[in-house]
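Each remark here refers to the structure printed beneath this line.
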Amino acid sequence: MCTMLWRGGWEESVWNSHNTSPIVRSLCRPRLRLQRRPKLPKVEPMPDVRVRFAPSPTGSLHVGGARTALFNWLYARHTSGKFVLRIEDTDKKRSTPEAVQVIFDGLKWLNIDWDEAPLFQSERLSAHKDAVAALLQNGSAYRCFCAPETIVADRQAAEKRGEGYSYPRTCLNLNEADIQAKLDAGEPYAVRFKIPEGVTEFNDAVLGLISTPNKDIDDFILLRRDGTPVYMVAVVADDAHQGVTHIIRGEDHTTNTPKQILLYQASGLPVPQFAHIPLILGPDKKRLSKRHGATSVLEYRADGILAEAMRNYLALLGWSPGDDREVMSLDELIAAFDLDRLNKSGAVFDETKLEWMNGQYISTLPIDVIWQNIEPHLTKALTEKNIPLPDAETGLQFAELYRERLRSFREAPQKLLLFFKDPSEYDEKTVRKRWKQDSPDHLRLLQQKLEELPNWDHDRLEELLNSLADRLGLGRSKLIHPLRLALTGGAASPGIFAVMVLLGKDCCLRRIRLALERIK
RNA sequence: GGCCUGUUCGUCUAGUGGUUAGGACGCCGGCCUCUCACGCCGGUAACACGGGUUCGAGUCCCGUACGGGUCACCA
């Protein structure tokens, strides 16, 4: 009863009614605390959501990154907020302009558009330096003159002892005079964040309340000896600069979050809402990586996966609409997407299901689009084999025939090859099953009839075969199967008459002749 | 190892104290049918384990096991 009232939209009257007995209230109220995740402080209309995708351009657009981008984008579109991009290219050694382009291409392919000009993190260098300077100024940070070599050695020693290492704060205890002296002597220094006492907490939209004692957080570096600010500074400064309200990112960032929150606080910046989404796993349940095979979205594009299918599949990894829908349009995804239905545990990337979904999308496509997608794959395969390309009209017929027989466009050439090359061998199992004693006679009869057929079209061919079967007193499949084997070399193909039309009269007769030679 | 965190069919998931634990992919069987594919129908298969709390636990609490993440003057 309680549930029904609670969900039925009458809770206003129930809660506000002075007649409601205290017993009913006390029975109902605990439900509020049984929420699995603490609810976010959700303001009803949220016109000012700003989310971002902040990849570092070091390689390709990984499916994990693509999903992160997608979730951010869906959330922005769902809330009528903004989705912005930031290219984290401060690591000059690893960042390339090509990789930036690859990210743009991948996002565009998936139809993930961004609302403002992308921010290149490297261009914000001076702002990041200023941010560190301000922290130094207000006492949240301090100069560290310790030699990196010493620290590395200490850390390794601690590791060897099986202990954790944290900076012993030697330089925090330096007095003004010491510091000034070192500065005057031109000693190089890094800047460290002075982690305050206490506990840092945040309410993650996915993980719930995360609480970290500050003593577990090291006085991490903000500014390197060479004067360049570190990632932690850059993200916080840039997220604040870009007005990001919700940070939806991979779970691998959870342990960074307390550090960043401390930085927000020390800098007097508002702390955004965090949502850490679980990672995408390989079949071995380990984080998906290159050794699992294709990990870049562009590889999937090259393999003949449709953007719609990839997007739909990705949306369902770690999120679900709450009902049984799976194949969903973009609009449906946008309408249904919300942070509170995000999952907590990692999801294995299942290529088989992706391909199934791709097949679903392929079969809804207009045939000219299907042909457009098949063509490059077919062209490549035929060119390698020195086989001339089909014209567009034939292509459309292929598309029609294979619309519901393809799960990815990559498999098209292999399936279509039968139209371009006479069988060089006949599937052994099928031969045993379909070529019987009287098959040669039947094939010869067919050959003869076909030769005389004036109009080579689907219905004439079917009539011809039907009447021959009648005359022989056979079921027509008794003729069709040996014929299919003769024409295609195998047991499976689209409808035999459609295949014959596409093959053409000469080709069919030739292949029957070849088969007859082979049967002997 | 410390810290964080997760665990429902093989896989993706639904599930917010009372369900024959639902759906999807895959697999198996059947129907349709000239085969394949599509489609339709049916089947297989799961609450990691152990303690609590409760009349009642997949759902709440504690522990164990196993998995993942993270521990840089990388991002």
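When reading the values below, keep in mind they use all heavy atoms of this one structure, side chains included, and skip hydrogens, waters and symmetry mates. Being a predicted model, the structure only gives us computed values, none of them experimental. Every chain is numbered from 1 and lettered A, B, ... according to where its sequence line falls, protein lines coming before strand lines.
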Please state whether the phosphate of [N], meaning OP1 or OP2, lies under 4.0 angstrom from any side-chain nitrogen or oxygen of [X].
X	N	result
K344(A)	G6(B)	yes
R155(A)	A72(B)	yes
Q360(A)	G39(B)	yes
N343(A)	A14(B)	yes
R484(A)	C34(B)	no
R407(A)	C25(B)	no
T90(A)	A75(B)	yes
K433(A)	U35(B)	no

Indicate yes or no for a side-chain donor-acceptor contact from [X] to the backbone of [Y] under 3.5 Å, with no hydrogens or angles considered.
X	Y	result
R434(A)	H481(A)	no
W456(A)	L450(A)	no
R341(A)	S320(A)	yes
D340(A)	A205(A)	no

Without decimals, in angstroms, what is the distance between [X] [atom1] and [N] [atom2]?
X	N	atom1	atom2	answer
L281(A)	C66(B)	CG	P	18 Å
F497(A)	C36(B)	CZ	P	16 Å
I210(A)	U70(B)	CD1	C1'	12 Å
I151(A)	C73(B)	CD1	P	7 Å
L207(A)	U70(B)	CG	C1'	13 Å
R287(A)	G6(B)	CZ	P	18 Å
H253(A)	C3(B)	NE2	P	23 Å
I280(A)	G6(B)	CD1	P	19 Å

(request) Using only heavy-atom distances, decide whether a donor-acceptor pair under 3.5 angstrom links the side-chain of R405(A) to the base of C36(B). (result) yes
Does [X] reach a base, just sugar-phosphate, or nothing at all? Heavy atoms under 4.0 Å.
X	result
L279(A)	sugar-phosphate
D323(A)	nothing
E326(A)	base
G475(A)	nothing
G495(A)	base
R86(A)	nothing
A491(A)	base
E355(A)	nothing
S493(A)	base

Closest to side chain of [X], choosing from [options]:
X	options	result
A492(A)	U11(B), A75(B), C36(B)	C36(B)
A190(A)	U35(B), C73(B), A75(B)	C73(B)
R94(A)	C73(B), A75(B), U5(B)	A75(B)
T352(A)	C25(B), C73(B), C34(B)	C25(B)
R341(A)	U35(B), G67(B), A14(B)	A14(B)
K286(A)	A75(B), G67(B), C73(B)	G67(B)

Searching all strands shown, indicate the nucleotide that pairs with [N] (Watson-Crick or G-U wobble; both distances under 3.5 Å).
N	result
C25(B)	G10(B)
U16(B)	none
U64(B)	A48(B)

[atom1]-based separation of [M] from [N] [nearest Å]:
N	M	atom1	answer
C31(B)	U20(B)	P	33 Å
A75(B)	G63(B)	C1'	38 Å
G30(B)	U13(B)	C1'	27 Å
C61(B)	U53(B)	C1'	7 Å
U33(B)	C40(B)	C1'	13 Å
G58(B)	C9(B)	C1'	13 Å
C25(B)	U44(B)	C1'	14 Å
U11(B)	G67(B)	P	15 Å

(request) May I ask you to check if K415(A) and Y402(A) form a cation-pi contact, with NZ or CZ under 6.0 angstrom from the six-membered ring centre and within 45° of the axis? (result) no
(request) Test N358(A) against Y300(A) for side chain to side chain donor-acceptor pair (under 3.5 Å), laying out the working first. (result) CA-CA 11 Å; N358(A) 200 46; Y300(A) 283 97; over 6 Å; no
(request) Could you give me the CA-CA distance, side-chain angles and deciding distance for S122(A) and D89(A), then say whether side chain to side chain donor-acceptor pair (under 3.5 Å) is met? (result) CA-CA 6 Å; S122(A) 58; D89(A) 57 348; 2.9 Å; yes
(message) Need to verify one output field. Residue with the more 5' nearest nucleotide on RNA chain B, D324(A) or P494(A)?
(response) D324(A)
(message) Between S320(A) and T212(A), which residue's closest nucleotide on RNA chain B lies nearer the 5′ terminus?
(response) T212(A)
(request) Scan side-chain atoms only and decide if Q242(A) and R86(A) contain a donor-acceptor pair under the 3.5 Å cut-off. (result) yes
(request) Please work out which of the three classes, parallel, tilted or perpendicular, describes the rings of F202(A) and H276(A), given edges at 30° and 60°. (result) perpendicular
